[in-house]
Protein chains: 2
Amino acid sequence: MSTREKRTAPPDPANLCKSKDPGAIREILTKVGDKWSIFILLTLEMFPDWRARFSEIEKCIPGISQKMLTVTLRNLERDGLVSREVFPEIPPRVEYQLTELGESLLDPLQNLLNWVNTNAEQVRASQNRYDEK
Amino acid sequence: MSTREKRTAPPDPANLCKSKDPGAIREILTKVGDKWSIFILLTLEMFPDWRARFSEIEKCIPGISQKMLTVTLRNLERDGLVSREVFPEIPPRVEYQLTELGESLLDPLQNLLNWVNTNAEQVRASQNRYDEK
DNA sequence: CTGTATCCAGGAAGATACTG
DNA sequence: CAGTATCTTCCTGGATACAG
């Protein structure tokens, strides 16, 4: 728990960012922070057997375009968070599912979403106050 | 803990995204996912008494420009995550510190960073495999 | 149904110069 | 010291058309 006590630590001239692989941090957070990835992950989580077809995902995410769904799924697949299986049928069927790596990301992600749900109102209030000045 | 069992839940035609205020989710995640915010939050966390001057933050974040530091700090201030205090001295001094709201974000953020540190290598391996094909 | 390919607009961010 | 002001570049993402 973070309390607001004084700290004795020095300003730390050697920065902390280096010790934590800023490249990786930025890369992963950029993914999580992009416009659609998180909604896809959350959607996949909801499907029975953790599988969903392209068109099913599309239906669950209002506003997403075919292009962005494709692009974002490819990126998630590239990162190993989602797997993709093509069934050579007519019409074609493609199923996506979270990998175990992808599932493991859901927990920390949920924490963040809980924070958002808890504090969104307070953030908005602060923004309104700021904008009025 | 998420196991890989079959689920009995239906595909859920009514999507989950709506129930969670996708606007707020996207907005907050975009902040967290932007290029500099998280490094500023982490830097502020390290300072004694949670306070730091503009130039001190700058020194701790290699590669950030004055402009982006200013812009990002303003956004964080607007969201109520960081407070800003100007001391009318010569030369001028401005101190930034995390608000309690800002501090409360650090915990979920740390979870995410832990995930990154734990899994970054695996993600990169997956990317390399994907790119070779 | 599940994509690709192309073009385009808007915003994020870098470079640089200047200021109270 | 702590910013502002411009200009420019880059990249994300949207629209549209087409294909296997």
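Quick caveat: nothing in here was measured; it's all calculated off a predicted structure. Keep in mind that the numbers below use all heavy atoms, side chains included, and drop hydrogens, waters and symmetry copies.
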Rounded to the Å, how far apart are [X] [atom1] and [N] [atom2]?
{"X": "B/Lys31", "N": "C/dG11", "atom1": "NZ", "atom2": "P", "result": "15 Å"}
{"X": "B/Glu95", "N": "D/dA2", "atom1": "CD", "atom2": "C1'", "result": "13 Å"}
{"X": "A/Ile61", "N": "D/dG14", "atom1": "CD1", "atom2": "C1'", "result": "16 Å"}
{"X": "A/Leu73", "N": "C/dT4", "atom1": "CG", "atom2": "C1'", "result": "15 Å"}
{"X": "A/Leu69", "N": "D/dA15", "atom1": "CG", "atom2": "P", "result": "15 Å"}
{"X": "A/Phe54", "N": "D/dG20", "atom1": "CZ", "atom2": "P", "result": "18 Å"}
{"X": "A/Ile90", "N": "C/dC1", "atom1": "CD1", "atom2": "C1'", "result": "11 Å"}
{"X": "A/Arg26", "N": "C/dA12", "atom1": "CZ", "atom2": "C1'", "result": "13 Å"}

Quiz item: side chain to side chain donor-acceptor pair (under 3.5 Å) with B/Asp34: which residues, sequence neighbours excluded?
Solution: B/Ser37
Exercise. Applying side chain to side chain donor-acceptor pair (under 3.5 Å), name anything that partners A/Glu58, two or more places apart in sequence or on another chain.
Key: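 Side chain to side chain donor-acceptor pair (under 3.5 Å) list for A/Glu58, sorted by chain: empty.
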Exercise. Would you sort out whether B/Leu73 and B/Tyr96 count as a side-chain contact (heavy atoms from CB on, under 4.5 Å), showing the intermediate values?
Key: CA-CA 9 Å; B/Leu73 281 169; B/Tyr96 295 89; 3.6 Å; yes
Quiz item: So, A/Gln127 and B/Glu27: side-chain donor and acceptor under 3.5 Å apart, yes or no?
Solution: yes
Practice problem: State, without any angle test, whether B/Gln97 and B/Glu103 hold a side-chain donor-acceptor pair at a distance under 3.5 Å. | Solution: no
Quiz item: Please walk me through it: do B/Glu95 and B/Phe54 pass side-chain contact (heavy atoms from CB on, under 4.5 Å)?
Solution: CA-CA 7 Å; B/Glu95 287 188 358; B/Phe54 186 90; over 6 Å; no
Practice problem: Please examine the side chains of B/Trp36 and B/Leu69, heavy atoms only from C-beta on, and report whether any two atoms are closer than 4.5 Å. | Solution: no
Quiz item: Any side-chain heavy-atom pair from B/Leu105 and A/Leu112 closer than 4.5 angstrom?
Solution: yes
Self-check item: Value rounded to 0.5 Å, distance of CG in B/Leu41 from CD in B/Gln110
Solution: 11.0 Å
Quiz prompt | Rounded distance (nearest 0.5 Å) linking atom CZ of A/Arg78 with atom CG of B/Asn128 | solution = 8.0 Å
Quiz item: Any Lys/Arg nitrogen of B/Glu85 or B/Arg93 sitting under 4.0 Å from an Asp/Glu carboxylate oxygen of the other?
Solution: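 No, no charged N to carboxylate O under 4.0 Å.
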Practice problem: Just compare C/dC1, D/dA2, C/dT4 and give me whichever is closest to any side-chain atom of B/Ser55. | Solution: D/dA2
Quiz prompt | DNA chain D-proximal residues of residues 75-83 of chain B, any heavy atom under 4.0 Å | solution =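 Residues of residues 75-83 of chain B under 4.0 Å from DNA chain D: none.
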Quiz item: Residues two or more places apart in sequence or in another chain: which of them pass salt bridge (charged side-chain N to carboxylate O under 4.0 Å, His left out) with A/Glu77?
Solution: none
Exercise. Return the stems involving DNA chain C, sorted by first number, where pairs are Watson-Crick (N1-N3 with N6-O4 or O6-N4) or G-U wobble (N1-O2 and O6-N3), both under 3.5 Å, and runs are 3 or more long.
Key: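 The stems that DNA chain C takes part in, listed by first number, are C:1-20 with D:1-20.
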Quiz item: Hey, does B/Tyr96 reach any base, or is it just sugar-phosphate, or nothing, if we go heavy atoms under 4.0 Å?
Solution: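 Sugar-phosphate: the residue B/Tyr96, judged by heavy atoms under 4.0 Å, touches backbone atoms but no base.
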Self-check item: Phosphate-side-chain proximity, A/Arg93 and C/dT2, N/O vs OP1/OP2 below 4.0 Å
Solution: no
Practice problem: Ignoring backbone atoms, test whether B/Arg74 places a side-chain nitrogen or oxygen under 4.0 Å from the OP1 or OP2 oxygen of D/dG3. | Solution: yes
Quiz item: Going 5' to 3' along nucleotides 13-20 of chain C, which nucleotides have protein heavy atoms under 4.0 Å from the base (write B), which only from the sugar-phosphate (write S), and which from neither (write -)?
Solution: BBB----B
